[in-house]
Structure formats: C-alpha cells, structure tokens
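Step one of this worksheet: look at the structure below.
The figures here come from the full heavy-atom set of this structure, side chains too, leaving out hydrogens, waters and symmetry mates. Values in this document were obtained by computation on a predicted structure and should not be read as measured data.
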Amino acid sequence: MFQFAKAPTYILLSALLSTSLPAIANNASSLPDIGTTAASTLTIDKEIEYGEMYMRIMRASRPIINDPVLSEYIQDLGHKLVANADGVKTPFDFFLIKNYEINAFALFGGNIGVHSGLFLHAKTESELASVIAHEIAHVTQRHLARTLEDQAKKNPATMAAMLGSLLLVIAAPEAGIAALHATTAISIQGMLNHTRSNEKEADRIGISTLAKAGFNPQAMPHFFERLAEQYRYTTKLPPMLLSHPLPESRITDSRLRANNYSVVRLPPSEHYLLAKSRMVARYVGFSQTSALNWFNTELKKAPANQHKELNYGKSLVYIDKGQYAKAQQLLLPLLTAEPNNLFYIDAETDLNLYQKQYDKAITRLKNALQYQPESSVLQLNLANALLEAKRYQQSINILTRYSYQQPNDINGWALLAQNYAKQNKRDGELAAMGELAALRAQWGLAISNYTQAAQRAKLGSLDQARYDARLDQLRLQQAKFEALRSSF
C-alpha cells in the first residue's frame, strides 16, 4: 500500500502515569474501581478536547504509521478489548508509532499509541492485547486526570502547568520532559505514590478485560516475566520499563491475579502473525537484508502452520526490493487459499500496480468490496488503483465518500490531493491539502489553502460555497484550539 513520509523519533509521555508497584492481594475483586474521582477537575468532555488537541500536534511531530492494513488491525484489536472493558466513558482510537523501542501509552480522550517495536517482543496476540488492555484501563480509570487533580489540590497552579508540559512533550520532547520535571518537582513523592496505585489498578482491570475478551489472562504475567528477565542485567532499559517498572512484586501480583481466571489456550492468531510480519518487513528499522534474514531464521524455527505468515512478510520485502517474480511466487498460493484476506489482497494489489496491471487490481478489489464493503483497506486500495490507472474521477468519488466518513484519516485526504493535482484542479487539491494541515494543527496553512481554493472556484458555484463554509469552520476550530492552549 502507498506510504507517506514519517516524522522524527518519538519519546513517550506515559512516564507521567507510571512507576513501581507494591505487592497486593490476589483476590481479583479486592480493590474498588476509583477512576471516577477526577470529575471535579477535568470533565470527560474536556478530556476529549485535550485528546483531540494532542493528537493534532502528534500527527505533525511524530512518526505515526499511516498504513491502512495495520491501522485496521490495531483498531479491530483495540475495540474488541474496549467492548469488554468496564467504565468506558470516551470514544477510543488506536494508532501505531514507528519506534523501535518497546512501549505503548495512553493520552486523554481514549487515544492509545502502540510502538512498532512492541510487535517484535510480543510472542502472541494475547501478549500484545495485554499491553493494550493495560492502557485502556489507564483511560477508563482516568489516571491522568486523577494525577492532575491530586497535584492541583496541593498547588492550584500545577494543573495548567502540567497540561502545558504534556503539550511540550508531544511537540518538543526534550523541552517538555524538562518542564514536566520542573512542574512536579515540589510534590514528586506524592505523585509517585499516586501512580503506583494507578499501575496496580491498570494491571488488575487489564487482566479482567483480557479474560472477558477471550484472550489468555496469563499473557500479562508471561510478558512481564520475559521482559524482566531480558533486561535484568542491562543499564539501558526500554521506555516501557522506565515508565512501567517491573519489580518482582508486580510480576508476582499479576501472576496471582491471572490465576483467578481459567487458562485460555488459543491457537496462534493468523492476523497477529501477519501484522507482525508486515511490521518486520517495513516498520521496525530492519534493512531489507536484515528483514529477509529474520524471516529465513524464523522459517527454520516456526511450525509449518505459521510459514504462510512468514512467507507473506518475505513477499513484502521482495516487493519493496523490486523483485516482483519472487514476491509473486510467495503470494500466489497464499491468495489462492484465502482470496478475501486483506493482507494478501493489499500485497497483490501493490504487485499489480508496480507491474502496471491496473485492470487486474481494480477487478479484484471491486469483487472483494462486495463481501467487505466497509473495509478501509479495500476502499483506499481501490482509490489508489484507480488513481494509478488515471481514472481520476472514479477515484475522487470513492475518496469523497470515504473522507466524509473517516475525516481523521490522512490517507484519504492525501489521495484526494493527488487525484486533483493529476487533473490540474488546483482548488480541489488546495482544499484536500488544507484538511491535511488542519489534522496537524497547522491552522494558518489550512485557512490559507481554503482561501485560495475559494478564490479559484467559479464565482457563485457550489464548490465556492463549500470552501467558504469550511473556512468558517476552520476559523472556529482554530479559535477553540488556541483558547485551549492559552489556558495552560
């Protein structure tokens, strides 16, 4: 699938939330859910506003992976967990960061980020799900809001300062971390004590969510134990262990809590293994040679029933290397056996487009959409195939509907801009680029693009009216955004 340039390396926020965990009783219901006590400081609506603001800045400054196949996978996995979580009060959105370190983190408003490096270390989908379930619990229990409220009780000026420091962490990590330390230095011990209880609560609730969603609850202690052993004697810990330390007491507690649930023996998740292979091929920092070596090594160790996922990963590397015959040799039996598998369809579409077999790709995608009409992967692939085939208006028709339904997806707007540029429709290109700028909080650029689009549109036309109306919305969004920032 088409790819876009990525921003510089990301540094985590979740250190604000997490420190070590003391031992607790093994009764899974022994602790109350106390995550609603932050309402007097930050309302749910205000948390959602902050989350939206942070995400706009993050899109501009962090290497978010805008890969439709992986995005659909992580959203499906995340929302399966959310559907089985208690106390859900916000919408949830899951996104991937191209970062080779092991970590995941939760922001305001149900925004949860997962590092690509986590896929290399999670051996099963249940282990990956255990990390995400832990972060979901941070959100449902409103741990960030509770931390801020606790600090505000001691120092009313701290709330705004910490919110501003969090904003800096996203936009300029080094400056933000320094500001955060300065903001909290006076009462750091109280904050550490508070976040120890947060981690305890997130582990407990996360294990419960795992079990209710049908995953193996033992996956959390298994993952903890392996990470602790791997980094036991190293002086440079991964961010996940800096922000979520693993003392023996926490590992023991998670094991005891998981023992309250029946052991679930799940077969290997095909979609997880395919997602992991895609990550290794493109997003964990391996060179193409290193990625091929990784797949070949794993093929020697893995049972035969996991070879297809590894061969899929090899095919992606061959596609990226331009070795299309080798890629086709691996992909063809996979797609023949599973013609509706989105991972395989996406890869085969790439092959077709590189070989200028546009009609073949378009026909396959249209057939697949009959069975999965809501799939973002298929819709974006079809729009991209039509663009490559120079069938611009058909592509625009798909993308106009798609971007209306998925206004926060950068892929749709980027493809729209490309289509309009190919047709020399400068007003449409400017408008689509304006939406991309707005998603990154680049309000001046967004408003400038829409102003130019309105000037280029035919006087009195529907397009001009639409651009003018959108200009009014953008100015209101900018004012709201700036008001929120200026409150820090």
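- In summary, K425 and E429 do not engage in a salt bridge, as defined by a charged side-chain N under 4.0 Å from a carboxylate O.
- Looking at every heavy atom in both residues, A389 comes nearest to Y358 through CB-CB, 3.7 Å.
- Annotation for K123: atom NZ does not count as buried by contact number, only 12 or fewer foreign heavy atoms lying within 6.0 Å.
- Counting only distance, with no hydrogens or angles, the side chain of S395 and the backbone of Y392 share no donor-acceptor pair below 3.5 Å.
- Ion pairing between K360 and E348 fails under the 4.0 Å rule for side-chain N and carboxylate O.
- In this structure a side-chain-to-backbone donor-acceptor pair under 3.5 Å is present from S61 to I57.
- Looking at I205 and D86, their side chains never come closer than 4.5 Å, going by heavy atoms from C-beta outward.
- Residues E52 and N111 fail the side-chain proximity criterion, which asks for heavy atoms closer than 4.5 Å.
- Within the 4.5 Å cutoff, the side chain of L96 has no heavy atoms near those of the D67 side chain.
- Of the charged side-chain nitrogens involved, at least one lies within less than 4.0 Å of a carboxylate oxygen, so that E270 and K308 count as a salt-bridged pair.
- At a cut-off of 3.5 Å, with distance as the only test, no side-chain donor of Q478 or R475 sits close to an acceptor on the other residue.
- Ring planes of F286 and W294: tilted class, angle from 30 to 60°.
- Judged by distance alone, with hydrogens and angles left aside, the side-chain atoms of N367 form a donor-acceptor pair with the main-chain N or O of T363 at under 3.5 Å.
- Scanning all heavy atoms of the two residues, the minimum distance from S315 to L330 falls at N-CD1, 3.8 Å.
- Looking only at distances, no side-chain donor or acceptor of W413 sits under 3.5 Å from a matching main-chain atom of A431.
- For the residue pair Y283/R278, the side-chain donor-acceptor check at 3.5 Å is not satisfied.
- Using a 30° and 60° split on the angle between ring planes, F108 and Y54 fall in the parallel class, below 30°.
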Requested in this report: Test Q288 against Q323 for side chain to side chain contact (heavy atoms under 4.5 Å, CB included), laying out the working first.
Outcome: CA-CA 12 Å; Q288 291 173 342; Q323 297 179 357; over 6 Å; no
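- Under a cut-off of 6.0 angstrom, the local environment of CD in Q329 is sparse, with at most 12 non-hydrogen atoms contributed by other residues, nucleotides or ligands.
- Annotation for I132 and G78: closest pair CG2-CA, 4.5 Å, computed over non-hydrogen atoms.
- Side chain of H79 to backbone of F92: a donor-acceptor contact under 3.5 angstrom is found.
- Residues S277 and L316 fail the side-chain proximity criterion, which asks for heavy atoms closer than 4.5 Å.
- Y312 approaches A347 most closely through the heavy-atom pair CE1-CB, 4.0 Å.
- Put simply, the side chain of Q141 never gets that close to the backbone of A202: no donor and acceptor are under 3.5 Å apart.
- Of the possible polar contacts, none joining the S71 side chain to the P68 backbone as a donor-acceptor pair under 3.5 Å is found.
- K89 has no carboxylate O lying under 4.0 Å from a charged side-chain N of E47, or vice versa, which leaves the two without a salt bridge.
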Query raised in the report: After noting the C-alpha distance and the side-chain angles of N381 and D346, does the key distance pass the side-chain hydrogen bond (donor to acceptor under 3.5 Å, both in side chains) rule?
Result: CA-CA 7 Å; N381 265 288; D346 175 90; 3.0 Å; yes
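- Side-chain contact annotation: D427 with Q455, donor-acceptor N/O pair under 3.5 Å absent.
- Side-chain N/O atoms of E435 and Y450 include a donor and acceptor closer than 3.5 Å.
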Query raised in the report: Is there a side-chain hydrogen bond (donor to acceptor under 3.5 Å, both in side chains) between N397 and Q393 once you walk through the steps?
Result: CA-CA 6 Å; N397 291 343; Q393 193 54 53; 3.1 Å; yes
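- For the pair K366 and D359, the salt-bridge criterion is not met [side-chain N within less than 4.0 Å of a carboxylate O].
- Residues I398 and A383 come closest through the heavy atom pair CG2-CB, 4.2 Å.
- If you take CE on M220 and CG on D203, they are separated by 5.5 Å, rounding to the nearest 0.5 Å.
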Report task. Decide yes or no on ring pair (Phe, Tyr, Trp, His ring centres under 6.0 Å) for H121 and F223, but give the supporting numbers first. Result -> CA-CA 9 Å; H121 291 81; F223 190 54; 7.8 Å; no
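- A donor-acceptor pair under 3.5 Å is formed between the side chain of N419 and the backbone N or O of L415.
- Remark: K356 NZ is loosely packed, at most 12 non-hydrogen atoms of other residues, nucleotides or ligands lying under 6.0 Å away.
- Between H134 and H138, the two ring planes are perpendicular [angle over 60°; tilted spans 30° to 60°].
- Ring-plane geometry between H271 and F343 is classed as tilted, the angle between the planes lying from 30 to 60 degrees on a 0 to 90 degree scale.
- With no hydrogens or angles considered, no side-chain donor-acceptor pair links Q406 and D409 at under 3.5 Å.
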Requested in this report: Take E127 and Y272, measure what side-chain hydrogen bond (donor to acceptor under 3.5 Å, both in side chains) needs, and give me the verdict at the end.
Outcome: CA-CA 11 Å; E127 289 191 356; Y272 171 68; over 6 Å; no
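- For the pair Q372 (side chain) and N340 (backbone), a donor-acceptor distance under 3.5 Å is present.
- Between T124 and P268, every side-chain heavy-atom pair lies at or beyond the 4.5 Å cut-off.
- Contact between L369 and L382 at its shortest, heavy atoms only, is CD1-CD2, 3.5 Å.
- Between the side chain of E309 and the backbone N or O of L274, no donor-acceptor pair lies under 3.5 Å.
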